[in-house]
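Keep in mind it's a predicted model, so treat the numbers as computed, not measured. Here is how names work: the chains are called A, B, and so on, in the same order as the sequence lines, proteins then strands, and each is numbered from 1.
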Protein chains: 2
Amino acid sequence: MRTEGLRERKKLDTRRRIEGAALELFEQNGFEATTIDDITAAVDIAPRTFFHYYSTKEDVVLADYADRLARITDTLAERPVDEAPWTALQNAFVAVAADYEIERLQLLRRFRIMATTPSVYARSLHLQAGWEDTVAIALTDRMGLETDHDITPRLLAAAALAAMRASLRHWLAGGGTTALPQQVAHCFDRFASGLVND
Amino acid sequence: MRTEGLRERKKLDTRRRIEGAALELFEQNGFEATTIDDITAAVDIAPRTFFHYYSTKEDVVLADYADRLARITDTLAERPVDEAPWTALQNAFVAVAADYEIERLQLLRRFRIMATTPSVYARSLHLQAGWEDTVAIALTDRMGLETDHDITPRLLAAAALAAMRASLRHWLAGGGTTALPQQVAHCFDRFASGLVND
DNA sequence: ACACAAATATGCAGTCATTGCAACTATGCT
DNA sequence: AGCATAGTTGCAATGACTGCATATTTGTGT
């Protein structure tokens, strides 16, 4: 077995073609004005097939989210156990921020669509709420706490996501030219040193 | 003109009847299993009319959100200008928390539906993102900053919402029996004193 | 009580995402 | 070659939501 056989390769290819064509169309004509039929026609597959790859139109725009979360949990798991939770969290999110910068152009494309499409934005927030759950659980475990007994892990996770979102917004406002990892780190520091003025 | 005339009263009445019947049906049969037709049949209005009152099915569940936001901004505006931003914010959110406790049963009903229905949850998060915008703007103004120049107001607003959500989740887990305002205040304090352990 | 303007309610037709199901085709393995 | 499996397609149906034209109802002035 080489790269997992023709079947797998073909499937991955189709997925990428769908994503490429869809993003293209979304940018060109707007997310809502683009129908599933438009997308599948562009990729030359049956409309029904689209839903074997993505469960909603919104998910095409946010296709990278699963990897981001994996990156966070992976990094979190790698951090030494004696590291303070908030510091470990900071490292995990800075890692994602670094990824973002590398894929800057792709990201800007996706975010531009998200920012102008309510349903995509809503979906994004919903997915991020899922991240919060996952991260909160990981922290609960890491901190050796009983499940659902302490609000702390949840608060930390929520704060981390908030820091990330605020940073990202700032970064996007600047067209993705400022230093994102530094910005994220800065927001984390602000939380760590108390939010009261400066 | 007394209470705004028959027209206004009737409209308000219809709105309430829609909400009552809808929530009832959502609880009974589930949000997704309940169709617009079911709701309008129960209230004896035309299906088309539903959309004159609520723009989406989800919005019925979250009908109280507009008032919550108003409560926050109102309280925020009332706080003395020399009060620290974070403290003013805390007061505003504690006020909402107090409201929540008063309408405890209604709230539990709504939240139970929200917690079990992805689309409603997503919509809720989206609306809260709108709160974040509004609060961030109010803070920018209050702190005498240039619009979009400083990330601080956004970070504060996001943290406040995060504190509120975490508190609410905790409160709901306990069936709404614990003291919500105190919980909210506590989360705000945690942020103010830095998130690093204790 | 009457009549007209404004606000509401309704009916209808159409678009579109999304789903279940059954038939069909390509791929992998023996 | 020949079967089992995975992936693709077509079809039909559901249900939210919208635009538009047509009633109905209410507010107001006579």
For D44(A) and dT8(D), what is the distance between atoms CG and P respectively, to the nearest whole Å? 13 Å
Enumerate the protein-to-nucleotides 2-6 of chain D contacts in which both atoms are nitrogen or oxygen and the separation is below 3.5 Å.
from: dT5(D); atom 1: O2; to: R7(A); atom 2: NH2; distance (Å): 3.1
from: dA6(D); atom 1: O4'; to: R7(A); atom 2: NH1; distance (Å): 3.4

Side-chain N or O of K10(A) versus OP1/OP2 of dT27(C): is the shortest distance under 4.0 Å? yes
Which word best sums up how the rings of Y121(B) and H126(A) line up, parallel for under 30°, tilted for 30 to 60°, or perpendicular for over 60°? perpendicular
Can I get a per-line list of side-chain donor-acceptor pairs under 3.5 Å for residues 44-51 of chain A, giving both atom names and the distance, sequence neighbours left out?
from: T49(A); atom 1: OG1; to: A46(A); atom 2: O; distance (Å): 3.4

dG20(C) base to R48(A) side chain: any donor-acceptor pair below 3.5 Å? yes
Is it the case that over 12 heavy atoms from other parts of the model lie below 6.0 angstrom from the CG atom of D148(A)? no
Answer with yes or no whether the side chains of D189(B) and Q90(B) bring together a donor and an acceptor at under 3.5 Å. yes
Counterpart residues, salt bridge (charged side-chain N to carboxylate O under 4.0 Å, His left out), relative to R154(A) (two or more places apart): E132(A), D133(A)
Would you please classify the geometry between the F188(A) ring and the F93(A) ring as parallel, tilted or perpendicular, with 30° and 60° separating the classes? tilted
Quick check: Y100(B) with W171(B) (ring centres under 6.0 Å apart)? no
Measure the acute angle between the ring planes of F26(A) and F31(A), then classify it against the limits of 30° and 60° as parallel, tilted or perpendicular. tilted
Would you jot down, in residue-number order, the residues of residues 12-40 of chain A having a non-hydrogen atom under 4.0 Å from DNA chain D? none
Could you please spell out the steps behind the side-chain hydrogen bond (donor to acceptor under 3.5 Å, both in side chains) verdict for T87(A) and R79(A)? CA-CA 9 Å; T87(A) 308; R79(A) 305 303 308 175; over 6 Å; no
Give, ordered by number, those residues of residues 49-63 of chain A having at least one heavy-atom distance below 4.0 Å to an atom of DNA chain D; if nothing qualifies, reply none. T49(A), H52(A), Y53(A)
Going by ring-ring contact (aromatic ring centres under 6.0 Å, His included), name the residues that satisfy it together with Y53(A), two or more places apart in sequence or in a different chain. none
